[in-house]
Amino acid sequence: MSVIVITRNEAANIAECLASAAFADEWIVVDSGSADDTVALAQAHGARVVQTADWPGFGPQKQRALELATGDWVLSIDADERVTPELAAEIRAALADPAADAYEMPRLSSYCGRFMRHGGWWPDRVLRLFRRGRARFSDHAVHERVIADGAVRRLRQPLIHYSYRDLESVLDKVNRYSTAGAQTLAARGRRGGLGAAIGHGLWAFLRTYLLRRGFLDGRHGFMLAVSNAEVTYYRYVKRMLMDEAREPAPPPR
């Protein structure tokens, strides 16, 4: 089995990530220009590291990693995710007698120190284990997914996701994800606008906090709903500003 990970400046995560998947036969890390010790740490854990000069987005970058894998089965994880011993045992049992071509698993994610059980974050099933040659990654710049060709079954044990360790990482991802989202809107021919930004942002908050019962996670649930709203709001504002930047400046009066 091959484990694939994409990285950029993940020195704080990559060692624990790879150690949690020590049961694999091969580890592939595709790095997009880390300026820290990510590459050295990955190599120290036995990973084959390939560095790329560009950043095509999450989906295309993970597809690159997949194309480097040689195992019959592939497990795709992010640097801030961990395979628990219980999940590792379930994976080994599933691959000993496969009943499908791909498996999805629940993912338990933390937000500023708290594991979230509501707001759309649990069980958050993600398809990460699949037979090589029977699945591929979508080409989305963000929120990519695995597209499987065969039958899909579910595992029970969760993948642990340390997604937002502190508020600084929240703000960083709000900025990066909203930029990538604006670029996706542009690629699809969709426009931005202040009205769209406010409307979509408000809906993102209400969906997270009320419809998906984020309020049951207390103040962290409120914080999560706000950050989801911010990502959406800034996505449409940035798309609007992209159009304005292309328009000629009005003549001075």
Side-chain angles (χ1 to χ4, degrees), residues 1-8 10 13-32 34 38-39 41-52 55-109 123-163:
M1 187 187 76
S2 300
V3 168
I4 60 174
V5 189
I6 64 170
T7 58
R8 185 175 185 274
E10 291 287 357
N13 280 311
I14 192 61
E16 290 186 15
C17 172
L18 294 175
S20 76
F23 57 92
D25 304 302
E26 176 185 59
W27 305 268
I28 303 292
V29 173
V30 175
D31 183 81
S32 56
S34 288
T38 299
V39 171
L41 290 168
Q43 290 172 335
H45 278 73
R48 175 190 175 192
V49 180
V50 174
Q51 294 179 280
T52 62
W55 171 249
F58 284 93
Q61 189 78 336
K62 289 189 176 182
Q63 183 62 32
R64 286 174 172 174
L66 173 57
E67 291 169 1
L68 294 170
T70 62
D72 292 335
W73 287 84
V74 177
L75 174 65
S76 172
I77 55 176
D78 294 336
D80 59 359
E81 294 174 339
R82 307 289 182 267
V83 180
T84 65
E86 294 79 11
L87 177 58
E90 190 175 14
I91 289 173
R92 289 194 297 267
L95 298 192
D97 186 19
D101 293 306
Y103 292 87
E104 61 182 23
M105 57 199 70
R107 182 170 60 170
L108 182 60
S109 299
D124 186 28
R125 294 186 178 90
V126 289
L127 199 164
R128 295 298 188 81
L129 179 66
F130 49 89
R131 197 186 300 271
R132 186 168 59 90
R134 298 287 291 165
R136 65 192 185 281
F137 285 94
S138 68
D139 61 359
H140 294 88
V142 292
H143 304 306
E144 76 293 340
R145 62 189 180 92
V146 174
I147 304 171
D149 295 330
V152 178
R153 294 286 182 92
R154 288 179 175 176
L155 301 179
R156 298 180 60 186
Q157 296 297 328
L159 180 69
I160 302 300
H161 185 204
Y162 295 102
S163 52

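Everything numeric here is computed off the predicted structure, so don't read it as measured data.
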Which atom of Ala96 lies closest to which atom of Pro98, heavy atoms considered:
C-CD, 3.8 Å
Which atom names give the shortest non-hydrogen contact between Met1 and Leu95, and what distance separates them?
SD-CD1, 3.7 Å
Between Asp78, Val83, Leu155, Val74, which is the residue that forms a side chain to side chain contact (heavy atoms under 4.5 Å, CB included) with Arg128?
Asp78
Any donor-acceptor N/O pair, Ser2 side chain to Glu26 backbone, under 3.5 Å:
no
Give the intermediate values and the outcome of side chain to side chain contact (heavy atoms under 4.5 Å, CB included) for residues Gln61 and Ser32.
CA-CA 9 Å; Gln61 189 78 336; Ser32 56; 3.7 Å; yes
Under a 4.0 Å threshold between the charged nitrogen and the carboxylate oxygen, would Arg136 count as salt-bridged to Asp149?
yes
Interatomic distance, Arg125 atom CZ to Leu159 atom CG [nearest 0.5 angstrom]:
13.5 Å
Enter the distance from Ile91:CD1 to Tyr103:OH here, rounded to the nearest 0.5 Å.
11.0 Å
Which pair of non-hydrogen atoms, one from Asp80 and one from Ser163, has the smallest distance, and what is that distance?
OD2-CA, 3.7 Å
Between Arg134 and Asp72, is there a side-chain N and carboxylate O pair less than 4.0 Å apart?
no
Spatial distance of atom CZ (Arg154) from atom CD (Glu90) [nearest 0.5 Å]:
12.5 Å
Gap separating the SG atom of Cys17 from the CZ atom of Arg82, nearest 0.5 angstrom:
6.0 Å
Between Ser138 and Glu144, the two heavy atoms sitting closest are OG-CA, 3.5 Å
The test is side chain to side chain donor-acceptor pair (under 3.5 Å); show your working for Thr84 and Gln157 and say whether it passes.
CA-CA 8 Å; Thr84 65; Gln157 296 297 328; 5.1 Å; no
Hey, does the side chain of Thr38 reach the backbone of Glu10 with a donor-acceptor pair shorter than 3.5 angstrom?
yes
Which of these passes side chain to side chain contact (heavy atoms under 4.5 Å, CB included) with Phe130: Leu66, Asp101, Leu75?
Leu66
Any chance you could measure Leu87, atom CG, to Ile160, atom CD1, to the nearest 0.5 Å?
8.5 Å
Using 0.5 Å steps for rounding, measure from the CG atom of Asp31 to the CD atom of Gln43.
9.5 Å
A quick test of your reading: do over 12 heavy atoms of other residues, nucleotides or ligands sit less than 6.0 Å from CZ of Phe137?
yes
Holding to side-chain contact (heavy atoms from CB on, under 4.5 Å), I want the full list of residues that pass it with Ala42, two or more places apart in sequence or in another chain.
Ile14, Leu18, Val29, Ala47, Val49
Residues which pass ring-ring contact (aromatic ring centres under 6.0 Å, His included) with His143, listed by chain and number, not counting sequence neighbours
Tyr177
So which atom in Pro106 and which in Arg156 form the shortest heavy-atom distance, rounded to 0.1 Å?
CG-O, 3.4 Å
For Ile28 and Ala69, work out which heavy atoms get closest and say how close.
CG1-CA, 4.3 Å
Take Trp27 and His45 through the test side chain to side chain contact (heavy atoms under 4.5 Å, CB included) and record every step on the way to the result.
CA-CA 9 Å; Trp27 305 268; His45 278 73; over 6 Å; no
